[in-house]
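Comments concern the structure below.
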Amino acid sequence: MAQGSRQIQIQTQAQQQIQTLSPQQILVVKLLELPAIELEDRVRAELLENPALEEGKDDASSDEYSDTSDADSNAEDGGDTDYDSLSDYLNEDDIPDYKLQENNRSKGEQAEEIPFSDATSFYETLKEQLGERNLTEHQRELAEYLIGSLDDDGLLRKSLESISDELAIYAGIEATTEELEEVLKIIQDFDPAGLGARDLQECLLIQIRRKIEQQHFTPNPLLYIEEAIIAECYEEFTRKHWDKIQQKLELEEEAFQQAIKEICKLNPRPGASLGEAIGKNLQQIVPDFIVDTYDDGTINLSLNNRNVPELRMSRDFTEMVEEHTKNKANQSKESKEAMMFLKQKMDAAQGFIDAVKQRQNTLMTTMQAIIDLQRPFFLDGDESLLRPMILKDVAERTGLDISTISRVSNSKYVQTNYGIYPLKFFFNDGYVTEDGEEMSVREIRKILKECIDNENKKKPYTDDELTEILKEKGYPIARRTVAKYRQQLNIPVARLRK
């Protein structure tokens, strides 16, 4: 009988450095991302969930707890060390009230109410469609993150590789690009068709293929011509090289013209149309910051947290801990378990208070840096006074990480004397000329748009002509830069503007 082969397993050791976040860091990050209206909901949910946390100002005297704390501090070592750590919460002579509560009311307590529309947002509508799908918990987490990564027009311009990295670093979720691709296909099946596309070509193809799938008994051959034009001749389509498309696909003139006419009816911005249909653009904003500018040049910054409850440790809980610590020498197993439960809840309560406080400090530090960097705008409200500023500039000024600045600026708004602005409004790239002069890209784009708006539509300016016009106006930038800014403004090339 032949002897079977044997497999040998070899064990090896390898060192690998990975980045992990503690539960407290994850809590801080999540709170940092929340805008003002969602923070209020989050705080109230925590008040309901954790009995060691309560709402209201701290009016109780700390004297009643000091004797117990002193007795504990003079006790002999030898008990359960978990009990000894509770003196951190009970010794209120050492921990003043401002450490145990959050003063998160703004000075403008009498300010007029800022209304908030109950219109359904673009992202809420997509999440409602997500709730109708049968997904695993992991798939649902990925889908929600992908939905949050969509631009306002409904397209996904981040690469799946970068989204995978973001999930691992910021959310502690491991996801391969294949898993993200699978979930993205589900989102692309949402209404309206075209959502979740990664470029215009994919957006148009999704819409055409959706129509093909919805055909019943009589297939429409025109749809297959549309699909072929976008799938195989997209470059020629964008350049309006109709003859090349007809020759390549061997199409008759009438069918070709009908197909082009139908393609032009497709929606290149499915997310924008959804927003208009559900009133997204009418949704009113609750600002996170209030900036008041006075005639003497003083700028006052405050957080708009007047609806967020103040937080403190529950006095009922501290009294319960006091009773347990008095008799900790003769604790039963049940009493010790109860004590551990109390400690866990108090740890969680103190951690939440600290996270809210850290959120406030981070927000105020970041917004103050933005005000300092863009002070001329806050004084006069003139958009042309905005200087070039990127996330790195604010990070260097505050000493915070760039990812932190990004999270603060991503979904926050500021109310000024000149209106309400998203924090993203104050960030714009800079362009440095050969003479070393720094110009705001926002200003250059504004001038470029004005030139195109005022052009002769029968003979629109080419990028070369726009370059010369901008040079005459004092903006000496290259033609390829003009083309880039034109694309950022979603303005097509000259031949498509006729």
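Along the sequence shown, the residues carry numbers beginning at 1. What you see is a predicted model; the values in this text were computed from it and never measured.
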Check: Between D191 and R210, is there a side-chain N and carboxylate O pair less than 4.0 Å apart?
Finding: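 A salt bridge links D191 with R210.
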
Distance-minimising heavy-atom pair for [X] and [Y]:
X    : Y    : result
A369 : R397 : CB-CD, 3.8 Å
L391 : S406 : CD1-CB, 4.0 Å
I402 : A395 : CG1-CB, 3.8 Å
L200 : P268 : CD1-CB, 3.7 Å
P51  : K345 : CD-CD, 4.2 Å
L130 : A143 : CD1-CB, 3.5 Å

Side chains of [X] and [Y]: closer than 4.5 Å at any heavy-atom pair?
X    : Y    : answer
K211 : L266 : yes
I230 : E226 : no
L135 : V183 : no
N304 : V286 : yes
L423 : F289 : yes
L150 : L126 : yes
R359 : L39  : yes
R42  : K30  : no

Notebook entry, point to check: Would you find a donor on one side and an acceptor on the other, under 3.5 Å apart, between the side chain of S149 and the backbone of Y145?
Noted result: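 Confirmed, S149 side chain pairs with Y145 backbone.
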
Notebook entry, point to check: Within the distance-only criterion (no hydrogens, no angle test), does the side chain of E227 pair as donor or acceptor with the backbone N or O of L205 below 3.5 angstrom?
Noted result: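 No, because the side chain of E227 does not come within donor-acceptor range (under 3.5 Å) of the backbone of L205.
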
Checklist line | Qualifying residues under ring-ring contact (aromatic ring centres under 6.0 Å, His included), relative to F378, sequence neighbours excluded | finding: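 Expected list: F426.
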
Notebook entry, point to check: By side-chain contact (heavy atoms from CB on, under 4.5 Å), which residues pair with T362, not counting sequence neighbours?
Noted result: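 Counting only residues at least two positions away or on another chain, T362 forms a side-chain contact (heavy atoms from CB on, under 4.5 Å) with L32, Q358, T366, L400, T404, V408.
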
Next item on the list: Kindly write out the residues that satisfy salt bridge (Lys or Arg N to Asp or Glu O under 4.0 Å) with R140, not counting sequence neighbours, or none if the list is empty.
Entry: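 Once residues adjacent in sequence are excluded, R140 has no partner under the salt bridge (Lys or Arg N to Asp or Glu O under 4.0 Å) criterion.
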
Margin query: Please evaluate residues I370 and F427 with respect to the criterion side-chain contact (heavy atoms from CB on, under 4.5 Å), reporting the C-alpha separation (whole Å), side-chain torsions for both, the decisive distance (0.1 Å), and the verdict.
Written below: CA-CA 9 Å; I370 293 174; F427 292 89; 4.1 Å; yes

Note to self: If I take atom CZ from residue F190 and atom OG1 from residue T125, how far apart are they, to the nearest 0.5 angstrom?
What the structure shows: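 One gets 11.5 Å once the value is rounded to the nearest 0.5 Å.
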
Next item on the list: Could you walk me through whether K265 and E262 pass the salt bridge (charged side-chain N to carboxylate O under 4.0 Å, His left out) test, one step at a time?
Entry: CA-CA 5 Å; K265 293 180 181 178; E262 291 301 316; 3.3 Å; yes

